[in-house]
Amino acid sequence: MKAITVRSIELYPIAMPLVEKLRTSFGEEPFKAAVLAALTTEDGITGWGESSAEINPGYSYETVGTSLHVLREFLSPALLGKTITSPTEVPSLLSAVRGHPLAKHSLEAAVWDAFAKANGLSMSEAFAAHLPAEHRSRGFANVGVSIGIQPTVEATLDIITRRLNQGYNRIKLKIKPGWDVQLAKGVRERYPDIMLMLDANSAYTLADADHLKQLDAYNLLMIEQPLGYNDIYEHSKLQPQLQTPICLDESIHSANDLRLALELGACRILNLKPARVSGYTESLEIYRICVEHQLPLWIGGLLETGVGRSANLAFASLPGVTLPCDISATDRYYNPDLTEPPFVLGKNSTIDVPTGPGIGVEVRMDRVQEAVKRWNEAGVYQH
Ligand code: MG
């Protein structure tokens, strides 16, 4: 493989209006914010990555502000001028900085993209090069759709019907205390057989175990992250009380977190967000553990723009990703997105992975500049 040398890194804070706002148990943001990293090599190849931090430290402690700070002051300088023979070297180059996985992921993803382009590989081929031969990309990812908290069960059913008609075959609903059992019951009355799952985003405590047991009656694919955002221990106390598999999301930050969760029996499914675990190198290690333990695995989403989503889609096309992913078609998120062409939903609730070099989509600089202008004009951080 041909090595790359990092010549420059540009950072772009962006604001993107969402086609449809997503209300979760921790609220709603006015638009999707992110920081894009564009890394250019000595050979003039540019790779792109995305730090999908939000405005508020809600899903993660990282924000657009912390991402910009840590990327500018610490992470980018650690890569500038470096010659990289494999993208899997990036975590050790960035290891002087503790934490900040979303920011680290943006740079690592930009390296994967540049490296893949320099070697004429698609992103999925670049990933598969680090896995056994039978783990080559399927060329598509199985996908589902996530639906935020709505004012009524009827309103939720209307959206579910629309999504099913569009061709999505797995429905995920955000829940919170007071918006859970009745919702599951109402949806199951109308749709007894659809692939249905719930995501609590850490809205419950172990004291809610008896209440959560009621959800076992509704044939759910899983319940995602019911307890503390950093908790593994209490999930290990809850899982044996539920028939419904628990899927961990927020509390798995590394391969070792997953090893601990498996040893304690804290989950039966994993939602892997490559950004949450610092990047694709750690994601590949987590992937190997899931394959070894036959743990059902899917790829989550952080409302990434086409920059982040295209690479996640490539990862999601690997055969060890066994459940539908939170990666929907472009029209569900942005109109227009920052990249072309848009991702469209194919048959059997799938999305095809781009086959061109790197992320395989064109980043439209005019739209990036507009999104930066939008971010600057929004004046989000006033103090
Ligand atoms: Mg989740």
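Order of appearance sets the numbers: ligands from 1, and atoms from 1 within every ligand.
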- Task: Could you tell me how the ring of Y287 sits relative to the ring of F315: parallel (under 30°), tilted (30 to 60°) or perpendicular (over 60°)?
- Result: perpendicular
- Do the rings of Y204 and H211 sit parallel, tilted or perpendicular, given the 30° and 60° boundaries?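 Ring orientation, 0 to 90° scale: parallel.
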- Distance col, row W48:CH2 vs T40:OG1, nearest 0.5 angstrom, shows 8.5 Å
- Query: If you measure from CG on L295 to CG on L258, what distance do you get to the nearest 0.5 Å?
  - Reply: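 Atom-to-atom, L295:CG and L258:CG are 6.0 Å apart.
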- Task: For the pair H105 and R276, evaluate side-chain contact (heavy atoms from CB on, under 4.5 Å) and give the outcome as yes or no after the intermediate values.
- Result: CA-CA 8 Å; H105 169 70; R276 194 192 64 225; over 6 Å; no
- Message: At less than 2.8 Å, how many protein N/O/S atoms surround the Mg ion (ligand 1)? Leave waters out.
- Response: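 Of the protein's nitrogen, oxygen and sulfur atoms, 3 lie under 2.8 Å from the Mg ion (ligand 1).
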- Item | Near-ring test Y12/W375, centroid separation under 6.0 angstrom | no
